[in-house]
Protein chains: 2
Amino acid sequence: MVSNTCYIICEDNNDYRESLVAFLEEDPELICCGAFPHAQDILNIVTTHQPDIVLMDIDMPGKNGIDALKEIKQFNPAIEVIMLTIFEDRENVFEAICSGASGYLLKNSSPETIAASIKEVMKGGAAMTPVIARKALQFFQKPSKKEGTFQLTIQEQQVLKLLVDGLSYKMIAAKMNVVMDTVRYHIKKIYDKLHVHSAPEAVAKAIRDRLI
Amino acid sequence: MVSNTCYIICEDNNDYRESLVAFLEEDPELICCGAFPHAQDILNIVTTHQPDIVLMDIDMPGKNGIDALKEIKQFNPAIEVIMLTIFEDRENVFEAICSGASGYLLKNSSPETIAASIKEVMKGGAAMTPVIARKALQFFQKPSKKEGTFQLTIQEQQVLKLLVDGLSYKMIAAKMNVVMDTVRYHIKKIYDKLHVHSAPEAVAKAIRDRLI
DNA sequence: ATAACTTTTACATGATGATGTAGTGCTTTA
DNA sequence: TAAAGCACTACATCATCATGTAAAAGTTAT
C-alpha cells in the first residue's frame, strides 16, 4: 500500500520554493499540489487544493505564515502544517507551536531532512531540529520556584493547592483536619508571601508561577 | 578540539544496561563514568561521578526515574538528563519534560540513535523521537475552546479576565463602567457556564482551559 | 409590532472571606 | 534555660461574595 502525500508550499522566495519543489518531485510519495509565493488567500488555497500538509514560510509579504497557520488550523485541524523559516527566536517558535504547527524547520535544513520531516508528520510525529525542540521544551519546563517557591511551608502549599482546587475554607479545614481559623491563618501568610489580597489573585499566581 | 562527554546510566535491566554501555564504549567521545541498576542515591551518584549527562530509566525498583530527574535538576540544572524508557504515555512524557528532561527516548531506539541523541543534547539540542515530540507539542497546543469557549459572551469574557487579574467586583464594575450588580449578574452566568461556584474555581478553570 | 431574549440595574440576605489581636503549645537556637 | 519562631486555635469585625427575585432597557426574530 503506497500512501502518497499531497503538500502545498507557501514561500515568497521564488528560487528557494522552486528548487525545493524540484527536489521533492524526485520522491514519488510526495506530490506537490500547489506552490505559492504568499499565503494571502490561504483558506481558498487549502479548500481548492486539499493538501494533507502545508509547508509554510513565516516572513511573507501580505499575510504572515503564523496568521495563515492559525486560519488553517481553525478551519481544519486535520491539515498538518510545517513551518519552514529562517527565524528561530523564542517568540516565533512559541507562537507557531501553540497555534498548532506540527513541525518547525529552518530553511537551511537539507531538502532530504524536509522530505523526511513531511513523512514523519504524516506518520503522526513532529518535525523539529533538536535545537528547536530544546527551545520548545523550555517553554514548559517550570521556572517554578524561580523566586525560591516563595518560601511557602508545607501546610501553606497544601492549603494553596486545595484553594486552587476550588475548596472553601470550611472544606480545606475538613480535608486537613484542622479548624477553620487555622486555614485563615495559613491563607493570610500565603497572601503575604505572594503579595496578593484575595483568593482569586492567589490562585492565578499559583497556577501561572506553577507553584502548585 | 575533542570534547568528551561523561555519562552515567540508571537502568535496572542488567542486560539492557550492559549491552548499551558496551555499544557506547565503541564511541571514543562517550565515556561511561558509572552504570547503576537503580537511582536510589542519585544525588550522591552525581556528586561522586560528575556526569555531563544522565541516561535515566523511569520504572526502577526503589526510586523512580522521574523523581530522580527532579532531584538532579534541583541539585544542578546543568546536568542534562535523557529519559530512556518503555513508557510513552502522556503523563510520563509531560512529567519528564516539565521536570527538565532534555530528551525522551524509547528503549527500542537503536543504540546509534541513543549515541547521536547524547551528542545532540550536549550541543544544546533536545533528543526526542518524532512521536514523542508530537506528544510534547500537544501539551501546549491550546485546546482552548475545546468545549466551544464555554459559549461565554464578550462581557463575560471581559469580566472573567478581570477576575483572573485579581480585581474585586467593585474594581471590575469601575473598569467596565457598569454598576456592581451588573458584574454580579455576569459572574453568576460565568459560574453557571463553567460549572463552578466561586471565584477561585472560576479563575483556576479559566487559566487551565486557557479561556483567558 | 409583539413576543422572546439579553443586558443592565436594583434590592435583599445569608454565607464566606480578609484581617487583626491574642493565647497555647512545641521546636529551634543562642 | 530563656528567647525566638512557628503552627494551631479562638474570637471579633467589616467587607465582599453568592444567590435569588424582579423590573427596566435594549435586541432579535417572527
Side-chain angles (χ1 to χ4, degrees), chain A residues 144-212, chain B residues 43 74 144-212:
Chain A
S144 46
K145 42 180 188 156
K146 58 181 172 187
E147 329 254 345
T149 326
F150 288 91
Q151 310 278 27
L152 296 187
T153 68
I154 306 295
Q155 293 96 327
E156 285 159 4
Q157 293 177 36
Q158 211 177 334
V159 169
L160 184 54
K161 189 205 166 303
L162 295 173
L163 201 60
V164 168
D165 289 342
L167 278 69
S168 67
Y169 287 19
K170 200 180 293 187
M171 295 155 85
I172 294 174
K175 276 258 182 199
M176 295 179 65
N177 292 311
V178 293
V179 157
M180 236 178 60
D181 275 307
T182 305
V183 176
R184 291 189 215 278
Y185 167 79
H186 290 306
I187 288 190
K188 184 72 187 86
K189 306 206 86 174
I190 292 171
Y191 288 0
D192 288 345
K193 290 179 180 178
L194 264 49
H195 306 300
V196 299
H197 301 280
S198 73
E201 275 185 285
V203 168
K205 190 147 197 166
I207 296 180
R208 291 190 162 142
D209 292 3
R210 292 213 174 71
L211 298 181
I212 40 85
Chain B
L43 289 190
Q74 186 154 26
S144 43
K145 43 181 186 161
K146 59 180 173 188
E147 328 255 346
T149 326
F150 288 88
Q151 311 276 31
L152 295 187
T153 67
I154 306 294
Q155 294 98 323
E156 285 160 2
Q157 292 178 36
Q158 209 177 334
V159 170
L160 184 54
K161 190 207 165 302
L162 296 173
L163 200 60
V164 169
D165 288 343
L167 277 69
S168 67
Y169 287 18
K170 198 180 294 185
M171 294 154 85
I172 294 175
K175 277 258 182 197
M176 294 180 65
N177 292 312
V178 292
V179 156
M180 236 177 61
D181 276 305
T182 305
V183 176
R184 289 190 216 279
Y185 167 80
H186 289 306
I187 287 190
K188 183 74 189 85
K189 307 207 85 175
I190 292 171
Y191 288 179
D192 289 345
K193 290 180 180 177
L194 264 49
H195 307 298
V196 299
H197 301 279
S198 73
E201 275 185 285
V203 168
K205 190 147 196 165
I207 296 181
R208 291 191 162 139
D209 292 3
R210 292 212 175 74
L211 298 180
I212 39 80

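It should be emphasised that the depicted structure is a prediction, and the values quoted were computed from it without experimental measurement. In what follows, chains carry the letters A, B, and so on, assigned in the order in which the sequence lines appear, proteins first and then strands, with residues in each chain numbered from 1.
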Determine: side-chain N/O of [X] to OP1/OP2 of [N], distance under 4.0 Å, yes or no.
X	N	result
B:Q155	C:dT8	yes
A:T153	D:dA7	yes
A:H197	C:dT19	yes
A:H186	D:dA7	no

[N] [atom2] sits how many Å from [X] [atom1], rounded?
X	N	atom1	atom2	answer
A:L163	C:dT16	CG	P	15 Å
A:I190	C:dT19	CD1	C1'	15 Å
B:Y185	C:dT9	OH	P	12 Å
B:E201	C:dT16	CD	P	13 Å
A:K188	D:dC14	NZ	P	18 Å
A:K189	D:dC8	NZ	P	11 Å
B:N177	C:dT7	CG	P	18 Å
A:H195	C:dT19	NE2	P	14 Å

Looking at the side chain of [X], which of [options] is the nearest nucleotide?
X	options	value
B:K170	D:dT16, D:dT9, C:dG17	D:dT16
A:V178	C:dT7, D:dT9, C:dG17	D:dT9
A:V179	D:dA10, D:dC17, D:dC8	D:dA10
A:R184	D:dA7, D:dC17, C:dT19	C:dT19
A:E156	D:dA7, C:dC11, C:dT9	D:dA7

What contact category does B:T182 fall into here, base, sugar-phosphate, or nothing, at under 4.0 angstrom with non-hydrogen atoms? base
- Query: Can you tell if the side chain of A:R208 reaches within under 4.5 Å of the side chain of A:V203, non-hydrogen atoms only?
  - Reply: no
Original post:
Got a donor-acceptor contact below 3.5 angstrom from the B:K193 side chain to the B:Q151 backbone?
Top reply: yes
- Backbone N or O of B:A199 within a donor-acceptor pair of the B:Y191 side chain at under 3.5 Å? yes
Between the base of D:dC8 and the side chain of A:D181, is one N or O donor paired with an acceptor at under 3.5 angstrom? no
Closest heavy-atom pair, B:M176 versus B:V159, reported as atoms and distance to 0.1 Å, is SD-CG2, 3.5 Å
Residues at least two apart in sequence or cross-chain that pass side chain to side chain contact (heavy atoms under 4.5 Å, CB included) with A:E201, listed by chain then number, are A:V196, A:H197, A:S198
